[in-house]
Amino acid sequence: MSLNHDLSDLFKTFAAVMEIKGESVFKAIAFTKVARVLNDMTFDIRTAVEQGTLDGIEGIGKSSRAIIEEFVRTGKSRDFEEVAATVPKGLIPMLDIPGLGPKTIALLWRERNITSVEELTKAIADGRLAGLKGVGDKKIEQISQGISLREQAGKRSGIGEAQLVAHAFLARIRALPGVAQADLAGSLRRRKETIGDLDIVASVTNLQAMESISQAFTRLDGVARVLGQGLTKASILTERNLQIDLRIVPHNHFGAAIQYFTGSKEHNVKLRGLALAKGLTLNEWGLYKAKEYEQAKKETGQPPELEPCASKTEADIYRALGLEYIEPELREDRGEIEAAAEGKLPVLITRADIRGDLHTHTTASDGVNTIAEMAEAAKRLGYKFLAITDHSKSQVVANGLTADRLLNHVEAIHKAAVNIEGIRLLAGCEVDILADGSLDFDESILKELDFVVASPHVALRQDREKATARIVRAIESRYVNVIGHPTGRLINQREGLPLDFSRIFAVAAATGTALEINSGYPRLDLTDTVARAAVEAGCVLSINTDAHSAEQLDGIFYGIQVARRAWVSPKDVINCMTTAQLDKFIKRKR
DNA sequence: GCCGTTTTCGGCCCGACTGTTTTCAGTCG
């Protein structure tokens, strides 16, 4: 898929160059969107070009299509190279410095011949920025801090880490005097797998309290630095360099504010475009009649003196725009607004739909709880079935089971099942998919199992062709029910296998093999966009915890969130089947 | 550059905060 990413990067850079050159911002926005669409794509762009299916994709117009086609054919774009040559390469990374934007970068380049972050650092030290119009001492200090911030920060936090910090701060904010309600917004509320910064919205019933809350927030425990603080808004950095933005609004505007702050930006842009087309205008204060809003009295930090069409709840806003309510996980501008307009949003899966976990470990391999303990924990979660799937022999570090040990373990599981009522125990195994796609046990062993998860653990740097053939071969085994964490990726740590998903989906759908959304953080594998494409291609999914302890069974929550972002309904997931349906699902393949 | 149930031309989301300004530009989300 690297071609998609290469092209996405090209459009991103193209947009950056246009910003610095001061061309129409709309051109840059358009190319930024093309970059996003390419990045989200789960099919190979080369195939789309060859099959001529590039036409129908929203956001990719005539010019972009020409660039894509040329790049697929020749590996480059003359248009891009021509434009890029007019701007020094070193200016592009300067855009990542917080507080420094395209206008100032262009100014530094033209007036001081600064063409890289390194030169900028030196120029600041030498005092060469003095006398630049619009750049004072404070601005220079801000840029200087921005440079060091960029070096430390870099990566987005994984949802697992961000969540802990978010809940700690949310609790502290809720405890501040005058706060009526406070909730998470931003990408964490949308349950994105990585989080850039945390957004929290608080409401007040007494407007006088707003500023004192804003101030108190910047003095909370765990605040390392204050980035900005106004009447209704404040930003801080935590000790771990995570940025938190707090927005404070009057209580009857809470819905509008949390809608606005939840984003995504792209979702909101489209929503406001829709509002405009209906003669309305949408902002963080509410949804208003556009003409009235224009004439209304407005003051910074205060709602306009005007009755909104909607503002109290998010549901009110979506309804007033003629849309079904859109769950936060869907708000990415991936077709949800169009679907909501037609009343065709999916019924999203919830925790209550899950009837069992199909990928778990015990003390037999590298888990910490026994069969009975895992079964009791599953029962407490209300589950009707549980597959015990300890590691196979190649996973030596994980105490993987040899054939003999596995057969004994199967017997032990069946024996344990006799003593445990109300839950069906499946004796399974997480069998390694070896580098060539063969399985760690042969069929004489596999046929003794009730359930098989096959997963790749090693050789995760294979090329696309090899990796795809490997997983396809595993799917074709009649005993394999689920492909566990199909790519092996780890958030912020490991890319995983570069699979050709359209081939994987075709074989998985044809054979009745489920693809896993592994709920273990930082796996979360498959990802949201891939899982969605899988379902659209006719595949079924399995959401499992890969729990190595009874406690970890609770982690199913992460996988469900990925599934919700993937537009997944209960009917798409084998964990939502009744036990009888699950038996049928397993039998059908054998 | 992209797009079209008010448009094939003329729009394109919107407000808060900061800094350098005496009325606004740049940046951010």
Side-chain angles (χ1 to χ4, degrees), chain A residues 11 14-15 18-19 22-35 37 55 57-68 79-80 83 94-108 131-143 145-146 185-187 196-201 210 214 226-235 243-249 253 256-257 259-288 290 293-294 298-304 322 333 341:
Chain A
F11 277 100
F14 212 151
M18 290 193 295
E19 279 190 318
E23 288 185 31
S24 151
V25 287
F26 298 111
K27 281 194 194 182
I29 290 172
F31 274 175
T32 306
K33 177 163 183 177
V34 175
V37 169
D55 266 353
I57 302 173
E58 195 209 317
I60 300 182
K62 225 171 139 188
S63 305
S64 306
R65 202 174 60 218
I67 292 171
I68 293 171
D79 273 358
F80 169 71
V83 176
M94 286 168 68
L95 282 167
D96 295 334
I97 300 171
L100 189 62
K103 296 285 194 316
T104 314
I105 291 171
L107 183 78
L108 293 169
L132 266 182
K133 194 172 174 244
V135 181
D137 288 348
K138 280 193 174 170
K139 190 78 203 170
I140 293 172
E141 175 56 23
Q142 197 185 54
I143 294 171
Q145 286 195 0
S187 49
D197 55 22
L198 299 178
D199 297 290
I200 297 177
V201 179
M210 287 170 75
S214 163
V226 180
L227 297 174
Q229 190 240 312
L231 254 177
T232 66
K233 202 172 163 177
S235 297
Q243 182 174 333
I244 305 183
D245 298 329
L246 175 68
R247 178 66 197 260
I248 306 144
V249 297
H253 294 270
Q259 194 289 320
Y260 171 84
F261 252 59
T262 296
S264 68
K265 198 169 145 188
E266 292 80 8
H267 173 89
N268 283 352
V269 166
K270 185 165 274 183
L271 213 55
R272 290 191 199 119
L274 183 70
L276 272 187
K278 291 180 187 285
L280 303 168
T281 183
L282 176 65
N283 56 43
E284 56 247 68
W285 299 110
L287 183 68
Y288 298 89
Y293 186 80
E294 231 169 274
K298 280 159 283 192
E299 240 176 275
T300 295
Q302 281 177 34
D333 186 25

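Values in this document were obtained by computation on a predicted structure and should not be read as measured data. All values below were derived from every heavy atom in this structure, side-chain atoms included, with hydrogens, water molecules and symmetry-related copies excluded. Lettering follows sequence order; numbering is per chain, from 1.
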Under 3.5 Å, is there an N or O donor on one side and an acceptor on the other linking the side chain of A:Tyr260 and the base of B:dG29? yes
Which sits closer to the 5' end of DNA chain B, A:Leu132 or A:Lys270, going by the nucleotide each is nearest to? A:Lys270
What is the separation between atom NZ on A:Lys278 and atom P on B:dG4, rounded to the nearest whole Å? 15 Å
Side chain of A:Thr104: nearest nucleotide among B:dA16, B:dT27, B:dT18? B:dT27
Integer angstrom distance from the C1' of B:dC9 to that of B:dC14: 24 Å
When you measure from the side-chain N and O atoms of A:Ser64 to the phosphate of B:dC2, is any distance below 4.0 Å, counting only OP1 and OP2? yes
If I pick the C1' atom on B:dT27 and the same atom on B:dT21, what distance separates them, to the nearest angstrom? 16 Å
For B:dC14 and A:Trp285 - does any side-chain N or O of the residue sit under 4.0 Å from the phosphate oxygens OP1/OP2? no
Students often get this wrong, so: under 4.0 angstrom with heavy atoms, is A:Gly59 touching a base, only sugar-phosphate, or nothing? sugar-phosphate
So, is the end of the A:Lys27 side chain (NZ or CZ) under 6.0 Å from the ring centre of A:Phe14 and within 45° of the ring's axis? no
Separation of A:Gln302 atom CD from B:dC14 atom P, in whole Å? 21 Å
Presence of A:Tyr288 side-chain N/O under 4.0 Å of B:dC14 phosphate oxygens OP1/OP2: no
By the 4.0 Å heavy-atom rule, please label A:Asp79 as base, sugar-phosphate, or nothing. nothing
In whole angstrom, give the distance that lies between atom CD of A:Glu23 and atom C1' of B:dC12. 17 Å
Touch check for A:Leu100, heavy atoms < 4.0 angstrom, all strands: base, sugar-phosphate only, or nothing? sugar-phosphate
Classify A:Lys298 by what it touches in the nucleic acid, base, sugar-phosphate, or nothing, heavy-atom distance under 4.0 Å. nothing
Just to be sure I understand the rule, does A:Ile97 reach a base, reach only the sugar-phosphate, or reach nothing, if contact means heavy atoms closer than 4.0 Å? sugar-phosphate
Candidate nucleotides B:dG29, B:dG15, B:dT27, ranked by approach to the side chain of A:Asp245 - the nearest: B:dG29
Rounded to whole angstroms, how far apart are NZ on A:Lys33 and P on B:dC2? 11 Å
5' precedence on DNA chain B between A:Ala28 and A:Ile140 (nearest-nucleotide basis): A:Ala28
With rounding to whole Å, what would you report as the distance between B:dG10 and B:dA16 at their P atoms? 32 Å
Residue matched to B:dG1 through Watson-Crick or wobble contacts both under 3.5 angstrom: B:dC12
Can you tell me if A:Thr300 touches the phosphate of B:dC17, counting only side-chain N or O atoms and a distance under 4.0 Å to OP1 or OP2? no
Side-chain atoms of A:Lys233 come closest, of B:dC17, B:dG29, B:dG1, to B:dC17
Identify whether any heavy atom of A:Asn268 sits under 4.0 Å from a base atom; if not, whether one sits that close to sugar-phosphate; answer base, sugar-phosphate or nothing. nothing
Pairwise C1' distance, B:dT23 and B:dG29 [rounded to whole Å]: 24 Å
Of the nucleotides B:dC28, B:dC14, B:dG19, which one has an atom closest to the side chain of A:Gln142? B:dG19
Give one of base, sugar-phosphate or nothing for A:Gly301, where a contact means two heavy atoms less than 4.0 Å apart. sugar-phosphate
Quick one: A:Arg247 CZ to B:dG15 C1', roughly how many Å, whole number? 7 Å
Check whether any side-chain nitrogen or oxygen of A:Thr281 sits under 4.0 Å from OP1 or OP2 of B:dC14, and answer yes or no. yes
Would you name the heavy atoms of A:Trp285 and A:Arg247 that are closest together and state the gap between them? CZ2-NH2, 3.3 Å
Sticking with atom C1', work out how far B:dC2 lies from B:dT8, rounded to a whole angstrom. 12 Å
Which heavy atom of A:Pro303 sits nearest to which heavy atom of A:His253, and what is that distance? CB-NE2, 3.4 Å
Keeping the roles fixed (side chain from A:Ser214, backbone from A:Met210), state whether a donor-acceptor pair exists under 3.5 Å. no
Below 4.0 angstrom from OP1 or OP2 of B:dG15, is there any side-chain N or O of A:Thr232? no
With a 4.0 Å cut-off on N to O distance, would you call A:Glu284 and A:Lys233 a salt bridge? no
A:Lys103 near the nucleic acid: base, sugar-phosphate alone, or nothing, with a heavy-atom cut-off under 4.0 Å? sugar-phosphate
Looking at A:Ser24, I'd like to know whether one of its side-chain N or O atoms comes within less than 4.0 Å of OP1 or OP2 on B:dG1. no
With a non-hydrogen cut-off below 4.0 angstrom, is A:Lys27 in contact with a base, only sugar-phosphate, or nothing? base
Grab the CG-P distance between A:Leu280 and B:dT6 for me, whole Å please. 13 Å
Regarding A:Phe26, tell me which of base, sugar-phosphate or nothing describes its non-hydrogen contacts under 4.0 Å with the strands shown. base
Which nucleotide sits closest to the side chain of A:Asn283: B:dG1, B:dG15, B:dG29? B:dG15
Between A:Val249 and A:Thr232, is any pair of side-chain heavy atoms under 4.5 Å apart? no
Separation of B:dC17 P from A:Gln229 CD (nearest whole Å): 9 Å
Between A:Phe31 and A:Phe11, what is the ring plane arrangement, given parallel below 30°, perpendicular above 60°, and tilted in between? perpendicular
Under a 4.0 Å N-O cut-off, is there an ion pair linking A:Asp55 with A:Arg65? yes
Side chains of A:Leu132 and A:Lys139: closer than 4.5 Å at any heavy-atom pair? no
What nucleic acid atoms does A:Leu271 come within less than 4.0 Å of, heavy atoms only: base, sugar-phosphate, or nothing? nothing
Nearest-angstrom distance from the residue atom NZ of A:Lys138 to P of B:dG19: 5 Å
Distance check, C1' atoms only: B:dA25 and B:dT20, in whole angstrom units. 9 Å
